[in-house]
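Input: a single structure, listed below in C-alpha cells.
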There are 2 protein chains.
Amino acid sequence: MISKTARYALRILGYLVERPGERIQGDQIALATGVPSNYLSKILNQLRKQRIVESQKGWGGGFVLAPRSGRIPILDVVELFDGRIPQRECVFNLGLCDASHPCPLHDHWAQISTQLDGMLRTVTVGELGTVNLENGAQKRPRRKANGTRSR
Amino acid sequence: MISKTARYALRILGYLVERPGERIQGDQIALATGVPSNYLSKILNQLRKQRIVESQKGWGGGFVLAPRSGRIPILDVVELFDGRIPQRECVFNLGLCDASHPCPLHDHWAQISTQLDGMLRTVTVGELGTVNLENGAQKRPRRKANGTRSR
DNA sequence: ATCTCAAGGGATAAACTCATCCACAGAGAG
DNA sequence: CTCTCTGTGGATGAGTTTATCCCTTGAGAT
C-alpha cells in the first residue's frame, strides 16, 4: 500500500522534525533511523529536490528540514515516492467496480479508503516528531560542535 | 497491501462461486477473469492444496469450488498468498509503535487496520459472487456438454 | 591552492513479485 | 492400449523495488 521507500522517508523526516535547524549528516540519520546509508542518500536527494529538506555539502554539511515542511501533509511525501495513489479503485480490482456497479467489497473498501486518504491529508510532517526509533541511542552530536554555521 | 496474486485468487473464486458444482477448465477461467493463463494454474494449484477448490485432470476436467469454501472468510485466501498480515504493526513502521508508545500515526492507523481486518474476516468467499468481470462474455460452456460427471 | 569532508548521482546488483515455458502425470474416450 | 485432454510442477524469465558501489561535485579548513 505504501512502499518501503516512502515509509523510510517519513521515518527520516520524523527524525529531522525533532532537530529543527540542526544540520545532520546522512550517516548519522542512517544510523539513527536504521535506513540503509546508501539508500538514504537517494531518498534525501528526492526530498531535497522537492524542497522538503535542505542540504549542505562539504565540511559541516548535512540535512535540515526546510522551514515550511512542518506544515505539509504526509500525503505529499508518500506521493513523491509512490506516485498518485489511485484511491478510486477498489483494493481487489475485482473487475469493474464503481458506485453504480459495486463489487462485493466496494462498501467496505470505500470506508477504509476514505479513512486512509483522510489520514494522509490530515497528518502533517511536523506531527511525525514523536517517533520512537528502534535504537533510541545516537542522539549525541557525534561531531565536534563547530560554530561556523554561517552557510 | 494485498498482492496482485491474492487479488487474482479472489477474482477467480468470485467467478467459481457463481458456477457452483460446475467443473470449469483453467483456460476458461483465465479467459473470463483476465488472469494470465499460466499464472492462473499456479494460483489454482495453491487453492487446491488448501482444499478451497477441487480439481479434476483429464478429459472433462477442471476446477470447482469446494463445498464448504463459500463459508470461509476471504482473509484465509489473502493469507494463503500474502502470508499472515502483521496487523499489529503500524503501516509506516515508524520505529517502535504500540498502544503504550504510539507513533504519531498510530491512532489513525489503528482505525484503518481494524476496519480492514474486519472486512477480511467478515466477508466470505461466497459473497464474492456478484463480481463484475471486465469482459462479461465467455459464459458459454465452450465444451460439448458431456454427461459423464461421475467423478 | 590544496586537502578533507559530505552530499550528488550514475551504474550495478540483489531480492522479490509476477509471468511464461515446457515436460510430466493422471483421467476419460475410442 | 493408445490418444488426447487438462491439471501438476519444476525451471526459467521479465519487471519492479530495494540496496550497494563508487566516482564526482561542491564547500569549508588550512
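Given the structure is predicted, the values throughout are model-derived calculations rather than measurements. Letters A, B, ... are given to chains in the order of the sequence lines, protein chains preceding strands, and every chain is numbered from 1.
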Q: Hey, could you give me the CZ/OG distance between B/Arg51 and B/Ser69, rounded to the nearest 0.5 Å?
A: 11.0 Å
Distance check: side-chain N/O of [X] vs OP1/OP2 of [N], anything under 4.0 Å?
{"X": "A/Arg48", "N": "C/dA7", "answer": "no"}
{"X": "B/Thr5", "N": "C/dC18", "answer": "yes"}
{"X": "B/Arg23", "N": "D/dC5", "answer": "no"}
{"X": "B/Ser55", "N": "D/dT8", "answer": "yes"}

Roughly, in whole Å, what's the span from [atom1] in [X] to [atom2] in [N]?
{"X": "A/Lys57", "N": "C/dG8", "atom1": "NZ", "atom2": "P", "answer": "7 Å"}
{"X": "A/Phe63", "N": "C/dG8", "atom1": "CZ", "atom2": "C1'", "answer": "9 Å"}
{"X": "A/Trp59", "N": "D/dA27", "atom1": "CH2", "atom2": "C1'", "answer": "11 Å"}
{"X": "A/Ile24", "N": "C/dA6", "atom1": "CD1", "atom2": "P", "answer": "14 Å"}
{"X": "A/Asn38", "N": "D/dT24", "atom1": "CG", "atom2": "C1'", "answer": "15 Å"}
{"X": "B/Lys4", "N": "D/dT17", "atom1": "NZ", "atom2": "P", "answer": "11 Å"}
{"X": "A/Ile29", "N": "C/dG8", "atom1": "CD1", "atom2": "P", "answer": "11 Å"}
{"X": "B/Gln28", "N": "D/dG7", "atom1": "CD", "atom2": "P", "answer": "11 Å"}

Q. Are the side chains of A/Phe63 and A/Leu47 in touch, meaning some heavy atoms are under 4.5 Å apart?
A. no
Q. Between B/Ile29 and B/Leu40, is any pair of side-chain heavy atoms under 4.5 Å apart?
A. yes
Q: Report yes or no: is there a donor-acceptor pair, N or O only, under 3.5 Å between the side chain of B/Lys42 and the base of D/dG10?
A: yes
Checking contacts here: which listed nucleotide ([options]) is nearest the side-chain heavy atoms of [X]?
{"X": "B/Tyr39", "options": "D/dT18, C/dA19, D/dA27", "result": "C/dA19"}
{"X": "B/Tyr8", "options": "D/dC22, D/dG9, C/dA19", "result": "C/dA19"}
{"X": "A/Ser3", "options": "C/dA7, D/dT18, D/dT8", "result": "D/dT18"}

**Q.** Closest-nucleotide 5' rank along DNA chain D - winner of A/Pro36 and A/Gly58
**A.** A/Pro36
Q. Is it true that the NZ or CZ of A/Arg11 lies under 6.0 Å from the centre of A/Tyr15's six-membered ring and within 45 degrees of the ring axis?
A. no
(Q) Under 3.5 Å, is there a donor on one side chain and an acceptor on the other for B/Glu127 and B/Thr124? (A) yes
**Q.** Contact nearer the 5' end of DNA chain C, comparing A/Gly26 with B/Leu40
**A.** A/Gly26
(Q) Using a heavy-atom cut-off of 4.0 Å across all strands, would you classify A/Ser37 as base, sugar-phosphate, or nothing? (A) nothing
